[in-house]
Asker: 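Attaching a single structure in structure tokens format; questions to follow.
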Amino acid sequence: MEIVKERFGSAYDGTTIDKIRITNANGVCMECMSYGATLLSLQTPGKKNDFDDVVLGFDTFDEYLKPHPYVGATIGRVAGRIAAGEFSIGGRSYHLDQNSGGHHYNGGRNGFDKSIWIPEIFGNGEEAGVIFRRISEDGEEGYPGNLDVQVTYALNDRNELALRYWASSDRATPVNLTNNIFWNLGGKGSVLNHKLRINADRYLPEDEYGVPMGDALSVKNTPMDFSQARLIGREIKFVPGGYKECYVLKDAETRLRPAAILNHPESGRTVEVYTTKPGLVMYPATNMKEMTGKKGMRYGAHSGVALQPVFFPDYVNHSEFLGEILRPKEEYQQETVLRFSVR
């Protein structure tokens, strides 16, 4: 493994932002940075052994400081929405920052995506990567407890990228970490021509603000059905507002299991998503505003697709939803593995 660490920019307070590049024996190359524990790029080969960057992002650090939809960033303390920004633990109520239509969204205005993490590079013969660490202090964005949190990116020579999450807290607190990678396996253009299969036969219907409206519904005979591989754009016009709901994955256990397969037929690039989480949010950037991305490319609607392994949205207010309240002396441990191939 080749590992390179360099300066990518400076934060508002002058703190140096590190960029780490890791390349495996097959030429697959990952870049990430300490601001937001963000995945910057991932170069993978296609049918003609032509390498393309398959994730959306920006060329400079300053561009990451401008408004954008969490591109490549770690999301936390809780990904997704918490209705009205309120929840209770043990009879005590907590009030969070309301940053989306009166609700709490993706950790608040200053969530983990806007935090500076401390990187530690490692290599052990089997894989190489970086562990990002930070302390989310008691009361940050309204959450209880001092949260010690780690996010690991690890690349191996089997062309697998593992994202591992670990946390502990001195008070009971909800934790739901994920990453908002926008995939485009063609390297450019629309993702509506990508084929997708999701290992789910149910989904959670949501209101216009992304808050679940009730019990899970069957995907059968609806435009939500990706239980068999099909083009993302095949029936998107029949989905008001586009895809954004959380799918209920089959075999919702803590073990690592298949969640989705995304394929770009023209290049043959394929990514298989495995996760320990019970849910998967699929969002093909339907409402992404026009912006300039890498190499001057124009990003907008359907420029990428996010496949976010998560606990169920607003689980803190639904006892029947799968989610986690992390308590003192316990550990939060979740993992997502991305396997890249050409088909």
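Throughout, numbering of the chain's residues begins at 1 and tracks the sequence.
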Asker: Is it the case that more than 12 heavy atoms not belonging to Gln333 sit under 6.0 Å from its CD atom?
Answerer: yes

Asker: Does Asp52 pair with Arg269 as a salt bridge, N-O distance under 4.0 Å?
Answerer: yes

Asker: At their closest point, which heavy atom of Leu192 faces which heavy atom of Ser190, and how far apart are they?
Answerer: N-OG, 3.0 Å

Asker: Aromatic rings His68 and Tyr64: how do their planes relate, parallel, tilted or perpendicular, breaks at 30° and 60°?
Answerer: perpendicular

Asker: Taking side chain as C-beta onward, heavy atoms only, is Asn106 less than 4.5 Å from Asp113?
Answerer: no

Asker: Classify the side-chain pair Ser136/Arg77 by whether it contains a donor and acceptor separated by less than 3.5 Å.
Answerer: yes

Asker: Linking I/L/V/M/F/W/Y whenever their side-chain heavy atoms sit closer than 4.5 Å, directly or via other members, would Met291 and Leu39 fall into one cluster?
Answerer: no

Asker: For residues Leu42 and Trp183, determine if any side-chain heavy atom of one lies less than 4.5 Å from a side-chain heavy atom of the other.
Answerer: yes

Asker: Could you tell me whether the side chain of Tyr332 and the main chain of Leu177 form a donor-acceptor pair under 3.5 Å?
Answerer: yes

Asker: Taking atom NZ of Lys195 as the centre, does the number of heavy atoms from other residues, nucleotides or ligands within less than 6.0 Å exceed 12?
Answerer: no

Asker: What I want to find out is whether Glu6 reaches Arg21 closely enough, with some N-O distance under 4.0 Å, to be called a salt bridge.
Answerer: yes

Asker: Are Val281 and Leu56 connected, step by step, through hydrophobic side chains (Ile, Leu, Val, Met, Phe, Trp, Tyr) whose heavy atoms are closer than 4.5 Å?
Answerer: no

Asker: Distance from Ser100 atom OG to Ile82 atom CD1, nearest 0.5 Å?
Answerer: 12.0 Å

Asker: Could you give me the CA-CA distance, side-chain angles and deciding distance for Val130 and Val151, then say whether side-chain contact (heavy atoms from CB on, under 4.5 Å) is met?
Answerer: CA-CA 8 Å; Val130 55; Val151 176; over 6 Å; no

Asker: Evaluate side-chain contact (heavy atoms from CB on, under 4.5 Å) for Val54 paired with Asn184, printing each intermediate quantity in order.
Answerer: CA-CA 5 Å; Val54 297; Asn184 187 317; over 6 Å; no

Asker: Between Asp148 (side chain only) and Ser168 (backbone N and O only), is there a donor and an acceptor less than 3.5 Å apart?
Answerer: no

Asker: Any idea which heavy atoms bring Met297 and Lys188 closest together, and the distance?
Answerer: SD-CB, 3.8 Å

Asker: Taking atom CZ as the centre, does Phe51 end up with more than 12 heavy-atom neighbours from other residues, nucleotides or ligands that are less than 6.0 angstrom away?
Answerer: yes

Asker: Measure the shortest side-chain to side-chain distance between Lys244 and Asn287 over non-hydrogen atoms and say whether it is less than 4.5 angstrom.
Answerer: no

Asker: Between the main-chain N or O of Gly145 and the side-chain N or O of Asp138, is there a donor-acceptor pair closer than 3.5 Å?
Answerer: yes

Asker: Please walk me through it: do Leu307 and Leu280 pass side-chain contact (heavy atoms from CB on, under 4.5 Å)?
Answerer: CA-CA 6 Å; Leu307 301 171; Leu280 183 83; 4.3 Å; yes

Asker: Is there side-chain contact between Asp50 and Pro45, with at least one heavy-atom pair below 4.5 Å?
Answerer: no

Asker: Under the 3.5 angstrom rule, does the side chain of Asn199 hit a backbone N or O of Ala260 as a donor-acceptor pair?
Answerer: no

Asker: Count the heavy atoms of every other residue, nucleotide or ligand shown that sit under 6.0 Å from CZ of Arg133, and state whether that count exceeds 12.
Answerer: yes

Asker: Could you label the plane-to-plane angle of the His194 and His264 rings as parallel, tilted or perpendicular, counting under 30° as parallel and over 60° as perpendicular?
Answerer: tilted

Asker: Nearest 0.5 Å, what's the CD-OG distance between Glu120 and Ser34?
Answerer: 13.5 Å

Asker: Group every Ile, Leu, Val, Met, Phe, Trp and Tyr by side-chain heavy-atom contacts under 4.5 Å, then state whether Ile20 and Leu163 land in the same group.
Answerer: yes

Asker: Which distance, rounded to the nearest 0.5 Å, do you find between the CD of Gln228 and the CD1 of Ile198?
Answerer: 12.5 Å

Asker: Does any donor atom in the side chain of Thr15 or Asp13 lie under 3.5 Å from an acceptor atom in the other side chain?
Answerer: yes

Asker: Okay, side chain of Trp117, backbone of Met33: is any donor-acceptor separation there less than 3.5 Å?
Answerer: no

Asker: So for atom CD1, which belongs to Ile121, do other residues, nucleotides or ligands contribute more than 12 heavy atoms lying within a distance under 6.0 Å?
Answerer: yes

Asker: Minimum heavy-atom separation for Pro174 and Tyr315, please, with both atom names.
Answerer: CB-OH, 3.5 Å

Asker: Picking from Arg171, His104, Glu137, what satisfies side-chain hydrogen bond (donor to acceptor under 3.5 Å, both in side chains) with Tyr143?
Answerer: His104

Asker: Of all the heavy-atom pairs spanning Glu127 and Arg164, show the shortest one and how long it is.
Answerer: OE2-NH1, 3.0 Å

Asker: Between Asp59 and Lys295, is the closest basic N to carboxylate O distance under 4.0 Å?
Answerer: no

Asker: So how far is it from Leu204 CG to Asp215 CG, rounded to the nearest 0.5 Å?
Answerer: 9.0 Å

Asker: I want to check something: taking the side chain as every heavy atom from C-beta on, are Asn179 and Tyr165 in contact at a cut-off of under 4.5 Å?
Answerer: yes

Asker: Please step through side-chain contact (heavy atoms from CB on, under 4.5 Å) for the pair Arg7 and Lys19, ending with a clear verdict.
Answerer: CA-CA 6 Å; Arg7 180 183 178 278; Lys19 177 168 71 173; over 6 Å; no

Asker: Decide yes or no for Val305 and Leu262: does some side-chain heavy atom of the first lie under 4.5 Å from some side-chain heavy atom of the second?
Answerer: yes

Asker: Could you measure the distance from the CG atom of Asn24 to the CG atom of Asp157? Nearest 0.5 Å is fine.
Answerer: 5.0 Å

Asker: Taking the basic N atoms (NZ, or NE/NH1/NH2) and the acidic carboxylate oxygens, is any pair closer than 4.0 Å for Glu290 and Arg298?
Answerer: yes

Asker: So, is the end of the Arg134 side chain (NZ or CZ) under 6.0 Å from the ring centre of Phe132 and within 45° of the ring's axis?
Answerer: no

Asker: Hey, is the main chain of Leu40 close enough, under 3.5 Å, to the side chain of Thr38 for a donor-acceptor pair?
Answerer: no

Asker: Heavy atoms only: give me the nearest Pro212-Pro313 pair and the separation to one decimal.
Answerer: CG-O, 3.3 Å

Asker: Looking at Thr276 and Glu335, would you say the former's side chain and the latter's main chain have a donor-acceptor pair under 3.5 Å?
Answerer: yes

Asker: Is the backbone of Gly57 close enough, under 3.5 Å, to the side chain of Tyr299 for a donor and an acceptor to pair up by distance?
Answerer: yes

Asker: Ignoring hydrogens and angles, tell me if any N or O in the side chain of Thr74 forms a donor-acceptor pair with the backbone of Ala37 under 3.5 Å.
Answerer: yes

Asker: If we only count heavy atoms from C-beta on, is the Thr178 to Phe311 side-chain gap below 4.5 Å?
Answerer: no

Asker: With ring pair (Phe, Tyr, Trp, His ring centres under 6.0 Å) as the test, pick out the partner of Tyr243 among Tyr203, Phe238, Phe226.
Answerer: Phe226

Asker: How long is the straight-line distance from CG of Asp314 back to CZ of Arg81, given to the nearest 0.5 Å?
Answerer: 11.0 Å

Asker: Would you say the side chain of Gln334 lies within less than 4.5 Å of the side chain of Glu324, judging by non-hydrogen atoms?
Answerer: yes

Asker: For a quick test of reading the model, state the closest non-hydrogen atom pair linking Val191 to Ser303 and the distance between them.
Answerer: CG1-O, 3.8 Å

Asker: Do Thr23 and Glu2 have a side chain donor and acceptor closer than 3.5 Å?
Answerer: no

Asker: Under a single-linkage rule joining Ile, Leu, Val, Met, Phe, Trp and Tyr whose side-chain heavy atoms are separated by less than 4.5 Å, which residues share a cluster with Ile75?
Answerer: Tyr70, Tyr105

Asker: Are a donor atom and an acceptor atom from the side chains of Asn146 and Asp170 found within less than 3.5 Å of each other?
Answerer: yes

Asker: Same cluster for Ile261 and Val271 if Ile/Leu/Val/Met/Phe/Trp/Tyr side chains link at under 4.5 Å?
Answerer: no

Asker: Answer yes or no: is there an ion pair linking Arg257 with Glu272, defined by an N-O contact shorter than 4.0 Å?
Answerer: no

Asker: Just checking, any donor-acceptor pair under 3.5 angstrom between side chains of Ser88 and Ser93?
Answerer: yes

Asker: Treat each ILVMFWY residue as a node, draw an edge where side-chain heavy atoms are under 4.5 Å apart, and state whether Val71 and Tyr153 are in one component.
Answerer: no

